[in-house]
Protein chains: 4
Amino acid sequence: MLGLAGGGVRIVAGAAGWQTCPVRRSAAKRVEVLAVAGEVVAARGADATRFTDVSAATGVGVSTLQYYFGTREDMLIAVFRHAAERDFELVGERLATLEDPWERLLAIATHLGSDLTWRLWVESWRWASRDPEVRADVLRDYTRWRELIAANITAGDPVRVARQVLALIDGLALPVVLGDPAVDRAAAGDLLEDALARLLGRAPSL
Amino acid sequence: MLGLAGGGVRIVAGAAGWQTCPVRRSAAKRVEVLAVAGEVVAARGADATRFTDVSAATGVGVSTLQYYFGTREDMLIAVFRHAAERDFELVGERLATLEDPWERLLAIATHLGSDLTWRLWVESWRWASRDPEVRADVLRDYTRWRELIAANITAGDPVRVARQVLALIDGLALPVVLGDPAVDRAAAGDLLEDALARLLGRAPSL
Amino acid sequence: MLGLAGGGVRIVAGAAGWQTCPVRRSAAKRVEVLAVAGEVVAARGADATRFTDVSAATGVGVSTLQYYFGTREDMLIAVFRHAAERDFELVGERLATLEDPWERLLAIATHLGSDLTWRLWVESWRWASRDPEVRADVLRDYTRWRELIAANITAGDPVRVARQVLALIDGLALPVVLGDPAVDRAAAGDLLEDALARLLGRAPSL
Amino acid sequence: MLGLAGGGVRIVAGAAGWQTCPVRRSAAKRVEVLAVAGEVVAARGADATRFTDVSAATGVGVSTLQYYFGTREDMLIAVFRHAAERDFELVGERLATLEDPWERLLAIATHLGSDLTWRLWVESWRWASRDPEVRADVLRDYTRWRELIAANITAGDPVRVARQVLALIDGLALPVVLGDPAVDRAAAGDLLEDALARLLGRAPSL
DNA sequence: TATGAATGAGAGTTCATTCAT
DNA sequence: GATGAATGAACTCTCATTCAT
């Protein structure tokens, strides 16, 4: 089931019993497809993402997508996983260049609240509501983000504040991504900064 | 509300442009259906909600659902609207019995973060991302909730804090509804209360 | 599962749970389709019979066939059942006009060994090998034919001879239907008559 | 046999006309595969036998099967031929150890009516109905079995009785293989013995 | 000689929708 | 006002086959 894990073969349930289905045979191409598919899923929503859509966006035929991923749902799960891993990687690279805790927190918030990431996160979350396997992934990732945030909190109770901060990031991203004129990206940044200062017990202007 | 009120004909967006479609045939039955359909949408997700699902859950035939609502998308939009109105009504009734601002805020948070309401809210939000009509509804509702919250904030900048509080409510509901053991409903309440106290500049224990 | 049984609704397992599926709503049309579908199954074999084939042969659209029968396999089973019932009816009508036991036996043999009936019988038999429900049908029908034959055997041990006779009918039909020049329909009739006489202990020429 | 013997190239009917296809690459492996494939065909039916089924049952990859046999239909025909030849070989070996005509006839009947042989025979017969090449094979084999039986008939008209006996064997195998409680293998043996005695004009108990 | 990667054709099935009543 | 019959469109999936190695 770990479509992203090491090579070899994967056993999937087919209509007429069990058959072997190769995995990671052309990893490069597969990853390319996953990246583009992530954009499609973010744009259309997971439920509405057809093989045809991904095929059109990637230039890879429908049959080949099925050869790569198995069923449509397997493809979507692979997209979620790939995106989640990619997010951690990208944020990790970014954090490696920053020293200041506030800047680090802001970098995390900016990434999580970006349109693509946030939309995929919501899709993952919905899928997780109906699929235990995905739910485990999502909860694990959620924990990882909280830990990453807590590691950058220098005052108060880092664990508690990290939960509040992650909730704020999530909750502020919602109107931003929806294009609410009352809470645009800049306003969300201000609101987050202000709230953070208060949660940490500092002066509002940090 | 719009879909439920007034007699005569309603103009709805159909697959092939605009068509007239009768309203208030048997408003009572229709509202019953909307309530049950809301549960179906919350459980399965809007994209995955078929006429047959709602038919099975309500005992009303598919053709009758179409007679009531028009297309499937029209039905979903009606469900969103009905649920949104219902939420305002229910919270309004609850608030009429409460005096203390914190209790009032908690009542709002409790309702918004309840499983059914939150799931439907996420579905509305996703639909709004792709449908301008629904987006207008959602943004208007979001504004109404912020105003309701601001009206119960007694210190600091009510408007700003209301935005932060609504974001917190939304962001905390996410792990709660997903069943994250790290942030269950009780923990979310504590985190919200604590954050609120700090955002209002009071002592943490309020 | 009894597609041929009385009206009402039938519960069939769908991909996303259980749904109701109407049965026997336009019995006349449905029976017409079953008759033609039987010819298609006899000609192409059950496994190779597609909805498309039956659609082309009947002029009824694929969707309508599925509306009538459910899945392809349900359709095939309905075809088997319909053909089996039809065979009993037709032979019953024929026997009502005959007095002489040998003529009656010959009428039975002629019907069972006819191209259409025999081919469908083989298809039923193969299907029965893999589907317990069909197996029950086939075994029951086999019993009924043996009883019908035994009722027309006037000497010796009717039950034992009936089994031998039915085996002979089946075994002789095989080369006949395949077009074996060594055993054509006339030769099969002679061989059957001769064998019957000996099995009954009479003179070969009866 | 044809497909297994001789080196060089074999001309087989492909989808797009005639193509050359190498033979006797690794005859041993190929024969192993044919034996296992025969079991698969007997179990699933020829139409339902996929390359993947044979691949799973043999451990030989799909591409290799195609390399061995060409198209799927070529593989099935090879299976039929191999099984037919194997049956003659096995019965020949068995008959070499028997003297008594009745025992020899019983040995033939037992082999033809065995589950595997009989199922493959039915599959061959069905295929022969639609493929002239296979029909020729089947009719030739049928003739060979009749001759073998006739050679062991010591009274009456051997040719005529052989046809009746082969029909009886075929017809009795049908309920036996299907698991009809009314005609199990032992009962079929008794019925065959009894019928044979009468057809040969001897006393029933031979 | 043998095999994995990739792909096109075709099938079953679901489902919204139209029409007649 | 309400509903069952019928159907076309779209989608997923299976599978044989081709190609390159």
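Throughout, protein chains are lettered first and strands after them, A, B, ... in sequence-line order, and every chain is numbered starting at 1.
Rounded to whole angstrom, the span from the CG atom of A:L65 across to the P atom of F:dT14 amounts to 15 Å. The interatomic distance linking D:D47 (CG) with E:dG10 (C1') rounds to 16 Å, in whole Å.
Taken to the nearest 0.5 Å, the NE2 atom of D:H82 stands 13.5 Å off from the CE atom of D:M75. Atoms CG and CG, on D:D137 and D:D131 in that order, are 8.5 Å from each other to the nearest 0.5 Å.
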### Task
Walk me through it: do C:R119 and D:S129 pass the test side-chain hydrogen bond (donor to acceptor under 3.5 Å, both in side chains)?
CA-CA 10 Å; C:R119 284 178 187 275; D:S129 295; 3.3 Å; yes
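Secondary structure note: stems in DNA chain E built from 3 or more consecutive Watson-Crick or G-U wobble pairs under 3.5 Å occupy E:2-21 with F:2-21.
Proximity of D:L120 to D:V79: side-chain heavy atoms (C-beta onward) are separated by under 4.5 Å at one or more points. Using a 4.5 Å cut-off on side-chain heavy atoms (C-beta onward), A:E32 and A:T58 make no contact. Side chains of D:S55 and D:V60 form no contact here, defined as non-hydrogen atoms less than 4.5 Å apart. At a threshold of 4.5 Å between non-hydrogen side-chain atoms, the residues C:E123 and D:R126 count as touching.
When each of A:S63 and B:S63 is assigned the nucleotide of DNA chain E bearing its nearest heavy atom, the one mapping closer to the 5' terminus is A:S63. DNA chain F is contacted by both B:V60 and C:T64; B:V60 maps to the nucleotide lying nearer its 5′ end (nearest heavy atom per residue).
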Considering only nitrogen or oxygen atoms on both sides, find all protein atoms under 3.5 Å from nucleotides 10-12 of chain F and state each distance.
from	atom 1	to	atom 2	distance (Å)
F:dT12	OP1	A:R72	NE	3.3
F:dT12	OP2	A:F51	N	3.4

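The pair D:R81-D:E133 counts as a salt bridge, with a side-chain nitrogen and a carboxylate oxygen less than 4.0 angstrom apart.
In terms of phosphate contacts, A:Y67 brings no side-chain nitrogen or oxygen within less than 4.0 Å of OP1 or OP2 of E:dG4.
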